[in-house]
Amino acid sequence: MSKTPAKLVDCSSTLSRVGNHLQMGVVGMPNVGKSSLFNLLCKMSIPAENFPFCTIDPNLSRCAVPDERYNWLCEHWKPKSEVPSYLQITDIAGLVKGASTGAGLGNAFLSHIQQVDGIYHMIRAFDNDEIIHVEDSVDPVRDLDIISKELIAKDIEFTTKTLKTLQNSLKNKTIDKAKQVELDTYNKVIALLESGKHARYGTYTNAETEHVRDLRLLTSKPAIYLINLSEEDFIRKKNKWLAKIKAWVDENGGGTMIPVSVTFEKTLLDMASDDERKAYEKEKGAVSVMPKIIKTGYSTLNLINFFTCGKDEVRSWCLQKGSKAPQAAGVIHTDFEKGFIMAETMAYSDFFELKSEAECKSRGKYRMEGKNYEVADGDIIFFKFNVSNNKKK
């Protein structure tokens with residue numbers, strides 16, 4: 001009896017850049033709906049023409065992250081200013097077969113992918129004779145394969161170049177343990193890539209992880225698969241390609257898949273009011289997946305929200321998961337981190353239940369946390385800090 005292949009483990013979260021200003025990039029073949037999706041996510045207008053390479057320079061924008069907790073806090077406080085968290089998104093031009101060797105505008109596009117921290121992989125699964133496909137036919141599994149192989153090829157080229165540069169610098173020198181680990185890591189990554197696997201599915205020690213992270217490989221980034229359907233298929237929740245796409249994704253390490261219809265979403269966006277949108281969604285039996293796409297991208301980058309609240313302002317702050325209280329304070333202002341004293345903290349769930357700071361205090365739900373406190377998603381925080389003078393925010 002044949003053995004079931006070992007399940008690949010996605011370690012992209014440990015290979016990602018550390019920070020609070022991370023970006024998702026929209027990637028795919030030309031004319032699959034990338035720029036149209038970007039327009040919808042960011043509610044801005046960039047060219048979305050029907051020909052390859054319409055997008056050459058990456059378009060960078062941001063979209064507000066939907067958060068029911070933030071909405072409730074704004075309703076509760078009715079502040080003068082309301083500031084949500086934002087997700088930065090880059091629209092990257094379409095990749096084609098041979099991009100890793102410069103086909104199309106491949107090298108420039110691949111360098112744009114290197115700058116982002118996570119990937120929305122847009123896949124076309126709709127037929128439309130008026131929208132050309134660079135491969136002359138619609139086959140999302142083939143497209144997935146092309147993009148995957150191009151990313152792998154570019155990573156092999158880059159890692160091999162990095163390895164050779166290191167080897168040349170070590171000629172006629174004694175190689176210490178640290179440099180040997182670096183050499184071995186690059187060889188390990190190259191072998192993994194040459195086997196057809198993405199770098200994020202490798203198994204690395206802590207020391208190796210640091211070297212792989214520094215490479216910022218295209219295949220080390222987390223990926224979310226967005227399947228662009230016709231409006232009809234999206235509404236009826238059926239498409240001939242869905243099972244085949246899922247099989248490909250599962251065979252290549254798994255990942256989040258979100259069916260979307262750019263046509264359906266654009267229809268909603270063009271409507272005059274929320275009531276009109278809700279009526280259309282009810283009539284069609286389908287709802288917008290834009291909030292899901294944004295929130296999934298945000299969480300894929302290991303980002304969480306904490307809040308500062310008051311009558312002047314309710315603000316949602318973006319923070320990398322696992323950050324300590326002083327780092328959260330530094331997101332607001334560097335002085336807050338330098339002079340951090342404590343974080344007066346309430347969980348959103350407690351404040352939502354008890355409705356006031358005073359009640360949270362009386363119930364023992366208002367905490368004084370020190371510099372080793374790991375901020376939890378949804379914390380409401382008031383920071384105390386001291387830089388020459390005592391201040392509080």
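If you read the sequence from its start, that first residue is 1, and numbering goes on from there.
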Indicate whether any N or O donor in one side chain lies under 3.5 Å from an N or O acceptor in the other, for [X] and [Y].
X	Y	answer
Y348	D377	no
E369	T345	no
R200	S13	no

Test your reading of the model: is there a side-chain donor-acceptor pair from [X] to the backbone of [Y], 3.5 Å cut-off?
X	Y	value
S148	D145	no
Y86	C318	no
E337	T334	no
S261	L229	yes
R315	S85	no
S220	L217	yes
R124	V138	no
S323	L319	no
N228	V262	yes
K244	V141	no

| task | Mind listing the closest non-hydrogen atom pair of Y120 and I89 along with its distance? | result | CE1-CD1, 4.3 Å
| field | Working for ring-ring contact (aromatic ring centres under 6.0 Å, His included), residues F385 and H333 | value | CA-CA 11 Å; F385 72 106; H333 197 286; 7.9 Å; no
| field | Nearest-0.5 Å distance, CG of residue L215 to CD of residue E210 | value |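 So the CG of L215 and the CD of E210 are separated by 11.5 Å.
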| request: Would you kindly check if the NZ (Lys) or CZ (Arg) of K282 is within the cone defined by 45 degrees around the ring axis of Y280 and under 6.0 Å from the six-membered ring centre? | output: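 Here K282 fails the 6.0 Å and 45° test against Y280.
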